[in-house]
There are 2 protein chains.
Amino acid sequence: MATIRDVAKRAEVSVGTVSRVLAGTKAVKTHLRERVQAAIEELDYKPNQSARALRTNRVDVIGLVIPDITNPFFAQLAKAIETEAASHGQFVMLANTHDDPETETRQITALLDRTPRGLIVVASSDSTDATIGSEVPILSIDRRFQDRPLVCVDNWEGSVQIAEHLHSLGHRRICYISGPPNTEVGRVRRDGFVHRIRDLTTRNDPVELEVHDSRFNFESGEKIGHDILSRPSETRPTAVAAASDQIAIGVMRAARDRGLSVPMDLAVAGFDDIDVSALAFPRLTTIRQPVNALAKAVIAPIMDVSIEAQDVKLKGSLIVRGSTVTSR
Amino acid sequence: MATIRDVAKRAEVSVGTVSRVLAGTKAVKTHLRERVQAAIEELDYKPNQSARALRTNRVDVIGLVIPDITNPFFAQLAKAIETEAASHGQFVMLANTHDDPETETRQITALLDRTPRGLIVVASSDSTDATIGSEVPILSIDRRFQDRPLVCVDNWEGSVQIAEHLHSLGHRRICYISGPPNTEVGRVRRDGFVHRIRDLTTRNDPVELEVHDSRFNFESGEKIGHDILSRPSETRPTAVAAASDQIAIGVMRAARDRGLSVPMDLAVAGFDDIDVSALAFPRLTTIRQPVNALAKAVIAPIMDVSIEAQDVKLKGSLIVRGSTVTSR
DNA sequence: TTGTACGCGTTATCAA
DNA sequence: TTGATAACGCGTACAA
């Protein structure tokens, strides 16, 4: 492997000059620059990343710590982050925590030992409060990690959109299936929904609302779906809003297994707009998260020190499909 | 940040001794080792990974190059690989190629510049033949990359299992929807299926088999599904075997949109056993890939030089569910 | 068994 | 604008 020295020798300049050509920023006389570039070409010289890292104490890497990459929404997030990072010349080091706070801490500290440019964390449901000192920026996305800045969709507003959608369709017996109350995202989505439904409730036009706590996954949705739908149709809700698409798909599954038809017997709405939402039957009404914009927002303060890391909230968009309205 | 020098000073030993304690392999007198360990503890010393990398010319990283992490099967693969890598103290650097051969080459060379322990590639459908020289082992998994060793499920045998399953259920008008013929996995799955069906065909008990080329994704399955199912029921196949679960789910979708019931009007089988296969309605009969074993097999030759990197084929298992048999 | 000193390849400083 | 050279922190050959 050719080193910077070899290049310098071949171009008959000093290593300093080669380094300056490489950096591109400093001024170098044209004829020297050309000689250097030719030498680089001829020797197929690649700067040694480890040496560069040792000297500058930084590496072209962004760490991404995520509960589980097989969760479709996290996969979409990871892809968007990786793509955005790549456009800044950064690689992504991936770590799954399997929703285990201990693994989370271990992975984070191990990642920090590599002096990455920044660290992006999707917190596991019960995040530790282990103290983590570091000079590199640590941000969280979707699920807040400790007291780090959080980039996420406007969960409250998204839930409000869903609430208004269901209410405007005439539903007056509504069930909300919440994410874990020990997660910020779970609470905010729930509270936004509940708040808006309460607001829409009048003496003349009352709305019955029941709320169930759950986890974000499919199985929980299916289980709670069965619980709810086992009741006689007069007391059963006519619409279910879920804190995630996965819950919603679980509910639809339960409905189908009980011979109920969606949306006629039961309207169902989700949150996130994971890819399978469009594959489910019927297709799922949901709030689409602006994943690419979220990725940009979380990478920006890492790559540009002039951008202060702070909470960012982006609007989601209501995607109306067959699980709440019949048509087409 | 404390350096090895600080530790040495505090423990009143030389840096050599500290290094030896760190390595753990060489002999160090117990009382010195204890002093060193105490100093490490007190100073919260962490070896500088960049310096270590420069010195040893290796980094605790395995590169993973994948077409698209949001593909559920690749996500499962990535998770298994990351978990297995972590158990060897390695991190995974992730790169999506978006199925673009040019991006693939670029990402691979960029990754190799970081001197990872090894590189695992799931090739994009039309892999380049760009020459890639490197000392680090490059393996492929699921989809072969150039002429690199491939770790994958026994695709031929899996297809044979599906063929036998459908045939034993009495289907004699069968359609196979193939993956891209320019991928090894697409061809092998198709050929295995076709071959076994031909073998099962006798003069007295003929089997009609039609084969359609496709891509691995949902949309292709849906489209071909509509093509096939638009035919009158007398000429239409009674069973469809698909080269991937995604195709199969697309076919089921087409069937449903046409008012056909699965499995009564049409049996459908997939391949891979992605998580949503169990969520589809009806649940999908498929071949389960042993992802964890695949991950182990691909990491082994990277972490243990005494294991030669070579093609590895592992058996998949037939998972029979509601998309081919009525019951429960 | 321990300590010393050199070199890994780069960037940054400083003098020319 | 260029060149010489000193770090960066660690591992290891070699001397003690």
Side-chain angles (χ1 to χ4, degrees), chain A residues 1-40 43-61 89 110 112-117 134-136, chain B residues 1-40 43-61 89 110 112-117 134-136:
Chain A
M1 206 59 184
T3 77
I4 198 172
R5 249 178 249 284
D6 302 326
V7 174
K9 204 164 295 178
R10 177 152 194 139
E12 295 177 309
V13 298
S14 73
V15 293
T17 304
V18 178
S19 181
R20 281 183 283 262
V21 171
L22 252 36
T25 131
K26 318 265 189 188
V28 176
K29 279 269 191 278
T30 316
H31 67 287
L32 284 192
R33 155 167 295 125
E34 282 165 356
R35 284 211 325 250
V36 168
Q37 269 154 353
I40 288 177
L43 297 173
D44 189 30
Y45 165 76
K46 307 276 183 60
N48 181 313
Q49 300 290 334
S50 303
R52 176 173 280 176
L54 171 61
R55 189 55 232 234
T56 62
N57 209 29
R58 46 165 39 187
V59 150
D60 289 346
V61 162
L112 288 175
D113 286 350
R114 315 256 149 121
T115 62
R117 295 292 248 270
S134 103
E135 3 260 72
V136 313
Chain B
M1 205 60 186
T3 76
I4 199 171
R5 251 180 250 286
D6 302 327
V7 176
K9 203 164 293 178
R10 178 150 194 143
E12 295 178 308
V13 298
S14 72
V15 292
T17 303
V18 177
S19 181
R20 282 182 280 263
V21 170
L22 252 36
T25 129
K26 318 264 190 191
V28 175
K29 276 268 190 281
T30 315
H31 67 286
L32 285 193
R33 153 167 295 123
E34 281 164 356
R35 285 215 319 255
V36 169
Q37 269 155 353
I40 288 176
L43 296 174
D44 190 29
Y45 165 76
K46 308 274 184 63
N48 181 312
Q49 301 290 333
S50 304
R52 176 172 281 179
L54 172 60
R55 191 55 234 241
T56 62
N57 209 28
R58 45 165 41 187
V59 150
D60 289 346
V61 163
L112 288 175
D113 286 350
R114 316 255 152 123
T115 62
R117 293 293 247 270
S134 104
E135 2 259 75
V136 313

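Just so it is clear, the structure is predicted and the values come from calculations on it, not from any experiment. Below, chain A is the first sequence line, B the second, and so on; all start at residue 1.
- Residue whose closest nucleotide on DNA chain C sits further toward the 5' end, between B/E12 and B/A51: B/E12.
- The CZ atom of A/R55 sits 10.5 Å away from the CG atom of A/N57 when rounded to the nearest 0.5 Å.
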Margin query: Assess the residue pair A/R20 and A/T17 against the criterion (side chain to side chain contact (heavy atoms under 4.5 Å, CB included)); give the C-alpha distance rounded to whole Å, side-chain angles, the decisive distance to 0.1 Å, and a yes or no.
Written below: CA-CA 5 Å; A/R20 281 183 283 262; A/T17 304; 3.7 Å; yes
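- First and last contacting nucleotides of DNA chain C toward chain A (any atom under 4.0 angstrom from a heavy atom, 5' to 3' order): C/dG9 to C/dA12.
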Sort me out a list of protein N/O and nucleotides 11-14 of chain D N/O pairs below 3.5 Å, or just none if empty.
from, atom 1, to, atom 2, distance (Å)
D/dG11, OP1, B/R52, NE, 2.7
D/dG11, OP1, B/R52, NH2, 3.2
D/dG11, OP2, B/S19, OG, 3.4
D/dG11, N2, B/R55, NH1, 2.5
D/dG11, N3, B/R55, NH1, 2.4

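- Between B/S50 and A/A53, the shortest heavy-atom contact is OG-CB, 3.5 Å.
- Every residue meeting the side-chain contact (heavy atoms from CB on, under 4.5 Å) condition with A/E12, not counting sequence neighbours, appears here in chain and number order: A/R35.
- Minimum interatomic distance between B/Y45 and B/I4 (heavy atoms only, all atoms of both residues): CE1-N, 3.5 Å.
- Of the residues listed (A/L54, A/V59, A/T56, A/V61), the one engaging A/T115 in a side chain to side chain contact (heavy atoms under 4.5 Å, CB included) is A/V59, and it is the only one.
- When every heavy atom of A/G89 is checked against every heavy atom of B/R114, the shortest pair comes out as O-NH2, 4.4 Å.
- Under the rule for a salt bridge (charged side-chain N to carboxylate O under 4.0 Å, His left out), the partners of B/R117 that lie at least two apart in sequence or sit in another chain are B/D60.
- Taking atom CZ on A/R58 and atom C1' on D/dC8, their separation rounds to 15 Å, with Å as the unit.
- Side-chain contact between A/V15 and A/T3: absent, with no pair of heavy atoms (C-beta onward) separated by less than 4.5 Å.
- Between the two ends of the helix from C/dT1-D/dA16 to C/dA16-D/dT1, each summarised by a five-pair axis, the helix axis turns through 40° (rounded to 10 degrees).
- Proximity of residues 30-40 of chain A to DNA chain C (heavy atom under 4.0 angstrom from any strand atom) is not detected for any residue.
- Counting non-hydrogen atoms of other residues, nucleotides and ligands closer than 6.0 Å to NZ of A/K29 gives a total of 12 or fewer.
- Between B/I40 and B/L22 there is a side-chain heavy-atom pair separated by less than 4.5 Å.
- Taking CD from B/E135 and CG from B/L112, the interatomic distance works out to 9.5 Å, rounded to the nearest 0.5 Å.
- In this structure, A/D113 atom CG and D/dG9 atom P are separated by 15 Å, rounded to whole Å.
- Separation of atoms CD (B/E34) and CD (B/Q37) is listed at 7.5 Å; rounding is to 0.5 Å.
- Proximity of A/S14 to the phosphate of D/dA4: no side-chain N or O atom is located under 4.0 Å from OP1 or OP2.
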